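The model shown is predicted, which means the values in this text are computed figures rather than measured ones. Order of the sequence lines fixes the chain letters, A, B, ..., with proteins taken first and strands second; residue numbering starts at 1 for each chain.
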Amino acid sequence: MSQARPAKGTRDFSAAEVLRRRYVVGVLQSVFERYGFAPLETPSFENLETLMGKYGEEGDRLIFKILRSGDFMKSVANPTQPKASELADKALRYDLTVPFARYVAQNAGVLAMPFRRYQIQPVWRADNPQKGRFREFYQCDADVVGSTSLWQEVELVAMYHEAFATLGLDVVVRVNHRGLLAGIAEVAGLGDRLIDFTVALDKLDKVGAEGVRSEWRDRGFTEAQCAALEPALTASGGIQDTLTQMGKWLSASEVGTKAVAELTWLVERAGRTGNIALDVTLARGLNYYTGCIFEVQATDVAMGSVGGGGRYDNLTGIFGVPGLSGVGISFGLDRIVLCLEERNRMPNPASGPQVLVVQFSEAEADYAFAVATDLRAAGIRTVMYPEPAKIKKQFDHAERIGAQWVALAGASEQAQDTVQLKNLHTGEQHLVSRSALGEFRWNQGA
RNA sequence: GUGAUUGUAGCUCAGCUGGUUAGAGCGCCGGAUUGUGGUUCCGGAGGUCGCGGGUUCGAACCCCGUCAUUCACCCCA
């Protein structure tokens with residue numbers, strides 16, 4: 001086994017893979033831009049304090065920290081037990097939302113609000129890899145800040161629907177509202193245990209109702225509290241029914257009631273653009289969400305979510321700019337690619353050379369190169385064989401690099417200013433004059 | 001961080017209850033009258049059996065450790 005391999009959780013992308021990823025990115029970009037989002041790129045690493053504490057305790061653990069430069073150890077107070085901040089002061093970005101919030105806070109005075117940006121860049125997490133899960137992966141985010149209108153949510157869901165419809169992947173956009181969860185916690189008397197409640201509830205589809213109940217108990221909820229939460233486990237049926245149920249159950253809670261109203265309004269409009277589902281068990285880990293939350297699930301592929309997002313009312317507050325509400329969505333590029341491949345919905349765009357120009361002898365190479373230049377000028381992807389190897393070898397090479405045509409351009413062709421074009425698929429051969437290469441039908445016999 | 005799994009040629013793998021110079025297919029390189037490929041035939045190169053210890057007359061095989069892979073948990077895209 002070779003020791004030459006990429007680092008854990010990372011991968012190389014071959015030509016074919018790069019092209020497939022570009023295809024997906026292209027679809028997302030075009031959707032983002034049609035909805036008026038402008039691109040933004042931020043650095044791959046940020047100051048450590050910019051990232052720490054934004055993703056919860058678990059998230060902090062998964063941040064890739066970058067060792068300080070220089071002889072930093074000499075300033076460490078206790079070298080046997082250095083503090084993390086003494087060893088590292090920078091970290092690779094963990095997601096695109098926090099760097100975006102940092103950017104908005106920094107430029108709050110000059111950005112036209114509401115401000116819409118999209119961002120397609122890799123992020124890094126020091127997680128253990130598994131299926132569809134990497135330590136370096138791409139996120140494709142679209143966020144809008146500076147507007148509390150629910151129309152933003154409607155548009156973002158429409159973007160999900162449009163993008164996945166274009167890609168040909170069947171998905172459902174699951175919707176929930178942090179206020180709904182907060183309302184449940186309130187009426188069940190959970191106090192500040194909202195996170196414990198939601199993290200367990202989120203696993204309903206995985207571990208079942210009994211699994212959730214026992215996790216609640218493990219997390220220290222009383223039997224009375226568990227009993228009070230019971231309606232959260234049984235909420236099902238139509239979206240409208242569920243909303244009605246929830247409205248009654250949470251009528252004593254102000255946040256709960258408001259959340260139900262918002263969901264009712266959103267669901268009516270978001271349901272027009274595609275498949276959506278109300279899922280009161282949807283929690284999502286990132287604890288900066290405050291309003292509607294989304295998660296996109298491929299319906300025909302066993303895969304974690306292929307996208308997620310939600311509203312966060314005060315993300316820039318921690319960077320000193322309070323009162324800016326934002327809402328955003330994220331597409332998981334790597335997982336989308338995996339899903340499309342599994343569903344055979346991935347096109348295979350051509351990129352390799354179309355023509356290989358054979359080199360017969362060193363004396364004839366100048367003419368071969370002139371022909372190659374003509375071909376390239378005509379927009380044909382062309383490779384000239386670099387040495388006068390055996391013809392069989394040159395043909396083999398043409399086959400292997402996927403070229404459909406071999407161009408034979410030696411002394412006899414030069415005498416007539418022509419080139420022989422042989423189709424490797426059909427075996428047909430055409431004698432074409434150099435001046436007519438631009439009109440040649442390269443796709444014949446493909 | 002936890003649990004399990006796997007690690008033999010470039011790739012996919014075989015290798016019996018431990019027993020000589022560790023095999024196959026594919027791939028790679030070369031050749032079969034050197035301006036026309038794919039098929040076929042012939043020949044060739046290529047392995048510290050992940051690494052380090054231990055048991056044994058003898059270890060790819062058994063034991064311990066370690067590293068790496070994959071899958072799952074936690075968490076998440």
Side-chain angles (χ1 to χ4, degrees), chain A residues 1-11 24 28 55-63 94-97 120-141 195 198-200 202-203 206-207 211 215 218-219 282-287 294-298 302-309 328-339 356-361 363-364 367-368 385 388-414 419-429:
Chain A
M1 193 58 67
S2 171
Q3 67 276 55
R5 62 161 71 91
K8 180 201 281 279
T10 66
R11 42 270 203 265
V24 175
L28 298 181
Y55 309 105
E57 204 177 316
E58 188 70 15
D60 283 356
R61 203 190 79 199
L62 300 179
I63 292 174
Y94 178 90
D95 72 353
L96 301 178
T97 306
I120 299 174
Q121 288 190 281
V123 301
W124 295 270
R125 297 184 186 178
D127 207 355
N128 271 340
Q130 51 184 278
K131 185 177 182 186
R133 178 176 232 187
F134 309 96
R135 304 180 98 179
E136 175 184 67
F137 61 96
Y138 272 72
Q139 285 191 334
C140 313
D141 277 25
I195 300 288
T198 55
V199 166
D202 196 37
K203 295 174 191 160
K206 227 180 229 175
V207 300
E215 183 159 346
D218 292 345
R219 287 172 183 263
L282 174 64
R284 294 199 49 75
L286 300 175
N287 46 23
F294 315 109
E295 191 155 293
V296 186
Q297 200 79 45
M303 179 77 62
S305 62
V306 293
I329 57 173
S330 180
F331 292 78
L333 173 62
D334 304 84
R335 287 188 178 176
I336 291 171
V337 169
L338 287 173
C339 285
L356 180 129
V357 182
V358 163
Q359 182 177 154
F360 287 115
S361 68
E364 290 158 295
Y367 183 66
Y385 204 84
K390 291 195 188 265
I391 303 306
K392 168 181 164 49
K393 192 172 174 181
Q394 301 193 37
F395 268 71
D396 275 343
H397 187 66
E399 178 85 12
R400 294 200 55 194
I401 63 177
Q404 190 193 336
W405 298 90
V406 165
L408 303 159
S412 54
E413 287 81 13
Q414 182 170 20
V419 51
Q420 297 267 12
L421 296 172
K422 175 155 184 170
N423 187 320
L424 292 183
H425 299 345
T426 64
E428 284 173 32
Q429 199 159 311

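In this structure Glu136(A) satisfies the side-chain contact (heavy atoms from CB on, under 4.5 Å) test together with Thr10(A), Pro122(A), Trp124(A), sequence neighbours excluded. In this structure, the ring-ring contact (aromatic ring centres under 6.0 Å, His included) partners of Tyr385(A), at least two apart in sequence or on a different chain, are His397(A).
At a cut-off of 3.5 angstrom, the base of G35(B) holds at least one donor-acceptor pair with the side chain of Glu413(A).
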Identify each atom pair where a protein N or O and an N or O of nucleotides 29-34 of chain B are less than 3.5 Å apart, giving names and distance.
unit_1, atom_1, unit_2, atom_2, d
G30(B), OP1, Lys393(A), NZ, 3.3

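At least one donor-acceptor pair closer than 3.5 Å links the side chain of Arg335(A) to the backbone N or O of Ser305(A).
We find that CD of Gln420(A) is positioned 12 Å from P of U36(B), with the value rounded to whole Å. Atom CZ in Arg61(A) sits roughly 7 Å away from atom C1' in C74(B) (whole-Å rounding). Rounding to whole angstrom units, CD of residue Glu215(A) and C1' of C74(B) are separated by 10 Å. Nucleotide A77(B) holds its P atom 16 Å from the CH2 atom of Trp124(A), rounded to whole Å. For the pair Leu62(A) CG and C73(B) C1', the interatomic distance rounds to 14 Å; values are reported in whole Å. Look at CG on Asn423(A): it is 13 Å from C1' on U36(B), rounded to the nearest Å. With rounding to whole Å, Glu136(A) atom CD is found 17 Å from A77(B) atom P. Distance, Glu295(A) CD to A77(B) P: 7 Å, rounded to whole Å.
Side-chain atoms of Gln139(A) lie closest to A77(B) of the nucleotides G1(B), A77(B), U36(B). The side chain of Lys422(A) lies closest to U36(B), out of U36(B), G35(B), G38(B).
For the C1' atoms, the distance linking G50(B) with U69(B) amounts to 11 Å, nearest Å. Across the C1' atoms, C13(B) and U17(B) are found 23 Å apart, a figure rounded to whole Å. Across the P atoms, G18(B) and U56(B) are found 16 Å apart, a figure rounded to whole Å. Separating the P atom of C61(B) from that of U55(B) is a span of 15 Å, rounded to the nearest Å. For the C1' atom pair drawn from A60(B) and U8(B), the interatomic distance equals 7 Å after rounding to whole Å. C64(B) and A72(B) have their P atoms separated by 27 Å, with the value rounded to a whole Å. C62(B) sits 31 Å from G1(B) when the C1' atoms are compared, rounded to a whole Å. Taking atom C1' in both A24(B) and A9(B), the straight-line distance is 11 Å, to the nearest Å.
Going from atom CD of Gln414(A) over to atom CZ of Phe360(A) covers 12.0 Å, rounded to the nearest 0.5 Å. Summarising the geometry, atom SG belonging to Cys339(A) is positioned 11.0 Å from atom CG belonging to Asp334(A); distances are rounded to the nearest 0.5 Å. Note that the CD atom of Glu428(A) and the CH2 atom of Trp405(A) stand 7.0 Å from one another [nearest 0.5 Å].
Within 6.0 Å of CZ on Phe134(A) lie more than 12 heavy atoms contributed by other residues, nucleotides or ligands.
Phe294(A) and Ile329(A) make their closest contact through CD1-CG2, 3.9 Å (heavy atoms, listed as atom of the first residue, atom of the second, distance). For the residue pair Leu356(A) and Ile401(A), the shortest heavy atom distance occurs at CD1-CD1, 4.0 Å. Here the shortest heavy-atom pairing between Leu96(A) and Cys140(A) reads CD1-N, 4.5 Å. The two residues Leu424(A) and Ala398(A) come nearest to each other via the heavy atoms CD1-CB, 3.9 Å.
Among the protein residues, Phe331(A) comes within range of no part of the nucleic acid, since none of its heavy atoms lies under 4.0 Å from any strand. Using a 4.0 Å heavy-atom cutoff across all strands shown, Ser412(A) reaches at least one base atom of the nucleic acid. Counting any heavy atom pair closer than 4.0 Å across all strands shown, Gln394(A) reaches no nucleic acid atom. Across all strands shown, Ser305(A) has heavy atoms under 4.0 Å from sugar-phosphate atoms exclusively, and none from any base. Nucleic acid contact class of Ala411(A) (heavy atoms, under 4.0 Å, all strands): base. Here Val199(A) lies in heavy-atom contact (under 4.0 Å) with sugar-phosphate atoms only. No contact: Gln359(A) has no heavy atom under 4.0 Å from any strand. No contact: Arg11(A) has no heavy atom under 4.0 Å from any strand.
Looking at heavy atoms from C-beta onward, Lys8(A) lies in side-chain contact with Arg135(A) at the 4.5 angstrom threshold. By the 4.5 Å heavy-atom criterion applied to side chains, Phe331(A) and Val24(A) are not counted as neighbours.
Nearest-nucleotide positions on RNA chain B place Phe395(A) closer to the 5' end than the other of Phe137(A) and Phe395(A). Closest-nucleotide positions on RNA chain B for Arg335(A) and Leu408(A) were compared, and the one nearer the 5' end corresponds to Leu408(A).
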Return a table of donor-acceptor pairs under 3.5 angstrom between the side chains of residues 389-396 of chain A and protein atoms on other chains or two or more places apart.
unit_1, atom_1, unit_2, atom_2, d
Gln394(A), OE1, Gln359(A), N, 2.8
Gln394(A), NE2, Gln359(A), O, 2.8
Gln394(A), NE2, Ala389(A), O, 2.8

Please convert RNA chain B into dot-bracket. A pair counts if it is Watson-Crick or G-U wobble with both distances under 3.5 Å; crossing pairs go in [ ] and bases paired with another strand get |. ((((.((..((((.....[...)))).(((((.......))))).....(((((..]....))))))).))))....
For every nucleotide of nucleotides 65-72 of chain B, 5' to 3': is a protein heavy atom under 4.0 Å from its base (B), only from its sugar-phosphate (S), or from neither (-)? ---SS-SB
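For the pair Phe360(A) and G35(B), the ring geometry qualifies as stacking, because the centroid separation is below 5.5 Å while the planes lie within an angle under 30°.
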